[in-house]
Amino acid sequence: MIRLVNVSKNFRDFQLVNISLEIKSGEYFIILGPSGAGKTLILELLAGLLQPDEGRIEGLSTRKVALIYQDYMLFPHLNVQENIGYGLRFRKLSLDERLAKLKAIARELQIEHLLHRQVTTLSGGEKQRVAIARALILQPEVLLLDEPTAALDYGARRQVQQLFARLHRKYRRTFIHVTHDFEEALALGERIALLFKGRIIQQGEPQDVFRRPANREVADFLGYKNVFSGRIENHRLELNGLAIFTPVARAARAHLAIRSNEIIISRRRIQSSARNSFRGRIKEIYPHLNTVEVVVDVGVELAVDITPQSYQEMGLAEGDQVFVTFKTTSVRVFEY
Amino acid sequence: MRFRAVFGFLGFLLVLFVALPILRMFWGAEGDQLLEAAAQAEVRSAIFLTLRASLWATLLALFLGIPLAYLLARLDFKGKQLIEGLIDLPVVIPHTAAGIALLLVWGRHSLFSRATSWTMAGTEAGITLAMLFVSLPFLVNGAKEGFRLVDVRLENTARTLGATPFQAFWTVSLPLAKKSILSGAIMMWARGISEFGAVVILAYHPLTAPVLIFERFQNFGLRSATPVAVLLLLLSLLVIVFLRAVVERR
């Protein structure tokens, strides 16, 4: 178990404030937050490269930690084999032992054919694999991953995510992975912590964190497109003449968040148990890779994500009159 | 195209300004005069002393300047700007003033001389010190820029892979900054060779080539000074072109 107890750190113009985390042995733990939240700083503290100004880190020997930075940080003056074997220079091993380890890890990561290449000639995905091999060859107990897929294109990112999941299943080491990509956090993390402006805002199991964002900032970051503020009376929040039913009976002031993929769009009003159903006009349509975002003006603007197939079948166009429907339980209420 | 032509013309004027006196000097030097000068023990000795003392100064600066350059590139601390200003100072002060300052510290009547009964005045060590003083900014600043260009995360990575801070420096930062350090060293060495003002005040004797050129010009005129100047220039040019080619190839 790794424990950060009330860790604070001032570094240049940035502050980490009172960070407390418990990371179980063998866990895949994600630290999720926007750029500039202090994610890399936490990893550098865990790696022992920096010392906390206050608080303490328990249960971690820096000799058993490996850190992989976002840009891989391969040594440009060494070739692939020399990069992977770099850490073995500082261990008492015979040449045969070193070579055996090197071949084994290269086979594991399917980079045997790259061993004599210069690192500057590798693709992003290949560099990532070399960086992983260089870390894993030392058999660290804890692997620290700093935005490992941020510099990769979509296809390579998927492959590397699958690789991390496979390696974690196989070696069962503690993986501490920082990212700003909540889909990646959802796909890989067993538990996650949300870091904003140097503070841990929320932690827990990924689905829990996504279902119950702690505040408006988190909701915005997690991709909630429909966030509204107001006063809840008798389970209802009034907005521009619109009454949205909420799961909360009464709150002096609250933020509401409705996930755009939990709203149904239809040509006619549908009979259902959902309490929230409104008529409106399509204001804008934005096609994305796997979804189409339809913005409907119902008095307030509601973003609705539908599949490209539904979009085509319904033949939606800007200016069309439509109905939007969502359950009361799809409405998250926070900060009240 | 007109833009490039104008810039090309302006650049050409500057190149011409540098090249013209040098070409004129080569043009004025007659072959047999050059051979005669090269055969003189005094000339040979002055040229080799100049090359050698500047080399010692450069090696000393490499040994002391690389750690300083590394710290200046990596750390922020109070007084850093003052240190950087001090390092740059020899470039901006008149070198005769630098010579006098050096004389006060290392000369015959200095505290150093009284404490050790040694003096740097009039010795090869004194020439080396004068060259070191005036030309070390080239090496320290070159090395500092080199280290600054090495991402600190490369060192961090080395350390998480088991390297001590010194091992990370030795195996990662130093090789990656090597080109800048060597370029700085070549510039320093070249600048040391050309030094006159500080050397002439701290150690007039033994004669370095620039001092010999000055002395011959004063006592015997242009015809006597030119062959020595041409020889020094030719040798320096050859060595610098060779070293630059070696550094570029790496």
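Computed from a prediction, not measured in an experiment: that's the story for all the values here. In what follows, every chain begins at residue 1, and chains take the letters A, B, ... in the order their sequences are listed.
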Take A:Leu143 and A:Ile68 through the test side chain to side chain contact (heavy atoms under 4.5 Å, CB included) and record every step on the way to the result.
CA-CA 8 Å; A:Leu143 196 61; A:Ile68 301 178; 4.3 Å; yes
If I measure from the heavy atoms of chain A, does B:Gln167 come under 4.5 Å with its side chain, its backbone, both, or neither?
both
Residues 73-90 of chain A vs chain B, non-hydrogen distance cutoff under 4.5 Å, contacting residues -> A:Met73, A:Leu74, A:Phe75, A:Pro76, A:His77, A:Tyr86, A:Gly87, A:Arg89, A:Phe90
Of B:Ile181, B:Leu72, B:Leu71, which meets side chain to side chain contact (heavy atoms under 4.5 Å, CB included) against B:Phe147?
B:Ile181
A:Phe196 and A:Phe221 aromatic ring geometry - parallel, tilted or perpendicular at 30°/60° bounds
perpendicular
So which part of A:Leu138 gets closer than 4.5 Å to some heavy atom of chain B, the side chain, the backbone, both or neither?
side chain
Go through the atoms of B:Asp151 and report whether side chain, backbone, both or neither lie under 4.5 Å from a heavy atom of chain A.
side chain
Aromatic contact between B:Tyr70 and B:Phe169, with the criterion being ring centroids under 6.0 Å apart: yes or no?
yes
Is it the case that atom NZ in B:Lys80 sees more than 12 heavy atoms from other parts of the structure closer than 6.0 Å?
yes
Sort out for me which of B:Thr164, B:Asp76, B:Asn156, B:Val150 touches chain A most, counting heavy-atom pairs under 4.5 Å.
B:Asn156
Chain A heavy atoms under 4.5 Å from B:Leu154: which part of the residue, side chain, backbone, both or neither?
both
Apply the test side-chain hydrogen bond (donor to acceptor under 3.5 Å, both in side chains) to residues A:Thr149 and A:Glu184: give CA-CA distance (whole Å), side-chain angles for both, the deciding distance (0.1 Å), then the verdict.
CA-CA 9 Å; A:Thr149 62; A:Glu184 184 165 289; 2.4 Å; yes
Would you find more than 12 non-hydrogen atoms of other residues, nucleotides or ligands less than 6.0 Å from B:Phe26 atom CZ?
yes
For the residue pair A:His177 and A:Phe29, is the inter-centroid distance of their aromatic rings smaller than 6.0 Å?
no
